[in-house]
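Let me begin by presenting the structure, written as structure tokens, before commenting on it.
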Amino acid sequence: QGGGGGRRSSSLYTPIDASILSPSPRGPANRDHSMEMHEKEQTLARAVDETRRLRGEMADKDTEISRLLDTNTLHGQNVQRLQKERDMLKNERDDLAKENTVLT
């Protein structure tokens, strides 16, 4: 038999004591909980500030790294240019030495 009709068990409909759902704000346990929550909020706020600060530092370091890489690239290009000039001067010197030998 069973089914959906009929009387329900009265224990399912026992009213709940509202005080267990919302403890009195004057209670010491609630005050401790509020202080604990306040401390957690402060800790979280400090962590957020520290994260922002570190992100700023990282952005500054990224900028510095990019600048150094650009400088390094320029130095590398200068080194290559100077090596080519050195090689040309060596060749010129060798050519002059050969001419000098021929003339002597």
Side-chain angles (χ1 to χ4, degrees):
Q1 295 69 292
R7 283 183 57 93
R8 305 254 190 237
S9 166
S10 63
S11 65
L12 290 176
Y13 295 101
T14 302
I16 296 174
D17 180 5
S19 68
I20 66 171
L21 295 178
S22 55
S24 164
R26 293 177 295 275
N30 195 38
R31 189 175 312 122
D32 290 345
H33 178 70
S34 292
M35 288 183 65
E36 182 181 329
M37 289 305 294
H38 180 68
E39 288 170 11
K40 286 181 179 180
E41 287 169 0
Q42 285 183 328
T43 301
L44 182 59
R46 282 192 297 271
V48 167
D49 289 344
E50 180 69 3
T51 300
R52 284 190 184 123
R53 186 186 68 74
L54 290 172
R55 283 186 178 153
E57 267 184 37
M58 283 174 51
D60 292 346
K61 295 214 183 292
D62 284 347
T63 301
E64 179 68 7
I65 287 168
S66 293
R67 190 187 65 72
L68 289 170
L69 287 172
D70 290 345
T71 302
N72 191 38
T73 299
L74 287 175
H75 285 321
Q77 290 168 350
N78 284 338
V79 166
Q80 287 177 344
R81 184 180 52 76
L82 290 171
Q83 286 172 338
K84 285 178 189 173
E85 285 182 30
R86 181 195 64 198
D87 292 344
M88 285 172 38
L89 288 171
K90 279 183 182 178
N91 290 339
E92 211 175 300
R93 181 194 66 201
D94 293 346
D95 291 346
L96 287 173
K98 287 177 191 170
E99 284 180 34
N100 193 21
T101 306
V102 170
L103 290 175
T104 323

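Keep in mind that what you see is a predicted model, and the values were worked out from it rather than measured.
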query = Are side-chain heavy atoms of Leu82 and Arg86 found at a separation under 4.5 Å?
reply = no
Could you please spell out the steps behind the side-chain contact (heavy atoms from CB on, under 4.5 Å) verdict for Val79 and Gln83? CA-CA 6 Å; Val79 166; Gln83 286 172 338; 3.8 Å; yes
Self-check item: Pair Arg52 + Asp49, salt bridge at N-O below 4.0 Å
Solution: yes
So CD of Glu50 and CD of Glu57: to nearest 0.5 Å the spacing works out to 8.0 Å
Output for pair (Thr71 OG1, His75 NE2), nearest 0.5 Å, gives 6.0 Å
Worksheet item: Near Arg81 CZ, under 6.0 Å, is it more than 12 heavy atoms from other residues, nucleotides or ligands?
Response: yes
One should read off an interatomic distance between Asn100 CG and Lys98 NZ, to the nearest 0.5 angstrom, of 13.5 Å
query: Under a 4.5 Å cut-off applied to non-hydrogen side-chain atoms, are Met88 and Asn91 in contact?
result: no
The reported gap from OG1 in Thr73 to CG in Leu69 (rounded to nearest 0.5 angstrom) is 6.5 Å
Any ion pair linking Glu36 and Lys40 (charged N to carboxylate O, less than 4.0 Å)? yes
Between Lys61 and Glu64, is the closest basic N to carboxylate O distance under 4.0 Å? no
d(Glu41 CD, Glu39 CD) to nearest 0.5 Å is 10.5 Å
Side-chain heavy-atom pair Gln42, Arg46 within 4.5 angstrom cut-off: yes
The reported gap from CG in Asn72 to CD in Gln77 (rounded to nearest 0.5 angstrom) is 10.0 Å
